[in-house]
Amino acid sequence: MSISFKSAEVKAGDVFDTIIIGMGPAAYGTALYTARYMLNTLIIGETPGGQLTEAGEVDDYLGLIGYQAADVIKVFNSHVIKYKVPQLMDTVESFRREGDYYVVKTKRKGEFKSKTIIVTVGVKRRKLNVPGEQEFAGRGVSYCSICDAPLFKGREVVVVGGGDSALEGAELLSRYATKVYLVHRRDSFRAQPVYVKMVSEKPNVEIIMNSVVTKIEGEKIVKEVEIENIKNKQRRKLNVNGIFVEIGFEPPVDFARKNNLETDENGYIKVDDWMRTNLPLVYAAGDCTNKWLGFRQIITAVSQGAIAAYSAYKDLSEGKDVKENN
Ligand code: NAP
Ligand code: NAP
């Protein structure tokens, strides 16, 4: 699913109070609040909605009932449009300090100046890259058990992975689904033992080790997942309506390194309680940060955005400038 919105008519050299890098839920949450604080704001991103473009029904955002992800993107977008925040469809290559400003360099539209920067570049969820995965994304293929588990009540599902996300996901799904197949490529889990124990004790969870998914098939929705035992090459077809791909994330390591943003040992951008990074007047929000690792939701991304916006407003109001260290 790709939604295109009208790109902002801004020109290279324009100056802003804040530039938000990214266009996912964290960016929209940030923009709503920077606009309400009357900060002259520009959003720069390539894909309106970010990871939401790969989701189906969204049932975990307070007040939005029966919304498809595409509708959520439209609702978020319309709120930002109400506040007349320009949105430029472009990619930010880098930003640097120059005098009293940050200069933000984009791929196509040139450079912009800003007093503050709010980074909301998200993460890339790892993909299986098997036939059917892309075709059934949002129609049985999910990348977030916490988000989508309740949608699979009374159904059979597969969870793929051996880390905390997969095990935690399998445990949660076992409360909704009639049967959960947990498929992992090795013979041991990297997840915390407490999760492994919890899942192993669930009567409706079947753990299948040394196995990988080879194909996802269906009609309107997923109907079958084919797996292969990597030791004996035997294949097996699982009749399920859902497959949860919980095989980890790619944090924005290159982006952080290029822009001197400090990261934690896993590559996520380090922020304090007020979403401040190591750079003065640069904030980060959403999945790209090291905040609340393992609990990544639209509601948390949006709320981190609101906090980052407040911090930018407060720091500017108090006269902080780009030369000061955090
Ligand atoms: P996000 O959705 O990953 O959005 C990141 C955005 O930044 C994307 O638009 C991305 O565009 C853009 N971007 C990346 N690098 C950029 C660059 N250098 N210049 C400009 N733009 C750049 O992340 P988020 O907003 O932090 O959080 C999304 C939240 O929604 C997550 O917590 C996730 O778990 C949650 N979610 C929930 C559901 C559900 O069903 N409940 C479904 C999906 C996601 P590209 O994509 O083109 O790189
Ligand atoms: P992760 O720790 O990187 O684990 C990814 C799992 O997916 C691994 O078991 C890996 O297998 C498997 N995998 C990777 N690529 C694969 C592929 N192409 N095909 C099949 N399997 C593949 O990711 P995560 O579980 O999402 O956790 C990310 C971070 O968040 C971790 O630091 C985790 O501790 C944290 N987290 C914490 C909590 C919590 O504390 N409640 C909850 C969720 C996440 P191998 O084992 O063979 O490498």
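Every heavy atom of this structure was used, including side-chain atoms; hydrogens, water molecules and symmetry mates were not. Both ligands and their constituent atoms are indexed starting at 1 by order of listing.
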### Query
Got a salt bridge between D273 and K291, using NZ or NE/NH1/NH2 to carboxylate O under 4.0 Å?
yes

### Message
Please classify the A301 to ligand 1 contact at 4.0 Å (heavy-atom distances, strictly less than): side chain, backbone, both or neither.
### Response
side chain

### Task
Have a look at ligand 1 and work out which part of F255, if any, has a heavy atom under 4.0 Å from it: side chain, backbone, both or neither.
side chain

## Note on the structure
Filtering D60, T53, D90, V121 for the heavy atom nearest atom 16 (C) of ligand 1 leaves V121

### E133/K127 salt bridge by N-O under 4.0 Å criterion
no

### Query
Considering only heavy atoms, does P25 approach ligand 1 within less than 4.0 Å through its side chain, its backbone, both, or neither?
both

### Query
With a 4.0 Å heavy-atom cut-off (strictly under), which part of D148 contacts ligand 1: side chain, backbone, both or neither?
side chain

### Element-labelled atoms of ligand 2 that are located less than 4.0 Å from some non-hydrogen atom of Q192
40 (O)

### Summary
Within the 4.0 Å heavy-atom cut-off, what V92 brings close to ligand 1 is both

### Task
Select one of side chain, backbone, both or neither to describe which atoms of D59 lie under 4.0 Å from any atom of ligand 1, heavy atoms only.
neither

### Query
Should the pair D17-K115 be classified as a salt bridge under the 4.0 Å nitrogen-to-oxygen rule?
yes

### Query
Any idea which protein heavy atom is nearest atom 23 (O) of ligand 2, and the distance to it?
G248 CA, 3.4 Å

### Task
Give a yes or no on whether atom 29 (C) of ligand 2 lies under 4.0 Å from any heavy atom of the protein.
no

#### Entry: Inter-residue atom distance S145.OG - E246.CD, 0.5 Å rounding
3.5 Å

### K105 and E93 ion-paired at < 4.0 Å
yes

### Query
For atom 46 (O) of ligand 1, which candidate among K124, Q51, E46 provides the closest heavy atom?
K124

### Query
Among all protein non-hydrogen atoms, which one is nearest to atom 31 (C) of ligand 2, and what is the separation to 0.1 Å?
D164 OD2, 4.8 Å

### Query
For ligand 1, is there an atom lying under 4.0 Å from some heavy atom of C144?
no

### Task
Please verify whether a non-hydrogen atom of Q68 lies at under 4.0 Å from ligand 1.
no

### Message
Checking a contact table here: which protein heavy atom is nearest atom 42 (C) of ligand 2, and how many Å away?
### Response
E168 OE1, 3.4 Å

### Task
Consider every N or O of R186 and every N or O of ligand 2, then say whether any pair is closer than 3.5 Å.
yes

### Message
With the threshold set at under 4.0 angstrom, would you say Y195 reaches ligand 2 through any of its heavy atoms?
### Response
yes

### Message
Tell me whether N266 has any N or O atom under 3.5 angstrom from an N or O of ligand 2.
### Response
no

### Message
Checking contacts here: is it the side chain or the backbone of F295 that comes within 4.0 Å of ligand 2, counting heavy atoms only? Could be both or neither.
### Response
neither

### Query
Does T300 approach ligand 1 within less than 4.0 angstrom via side chain, backbone, both or neither, non-hydrogen atoms only?
neither

### Summary
Min over G45, A285, C147, G50 of heavy-atom distance to atom 8 (C) of ligand 1 lands on G50

### Query
Quick check: does G162 get an N/O under 3.5 Å from an N/O on ligand 2?
yes

### Message
Quick check for you: to the nearest 0.5 Å, what is the distance between E224 atom CD and N241 atom CG?
### Response
11.5 Å

### Test of proximity, A26 against ligand 1: N or O pairs below 3.5 Å
yes

### Query
Do the two ring centres, one from Y28 and one from H79, sit under 6.0 Å apart?
no

### Task
Drop me the distance from S165's OG to I146's CD1, to the nearest 0.5 angstrom.
7.5 Å

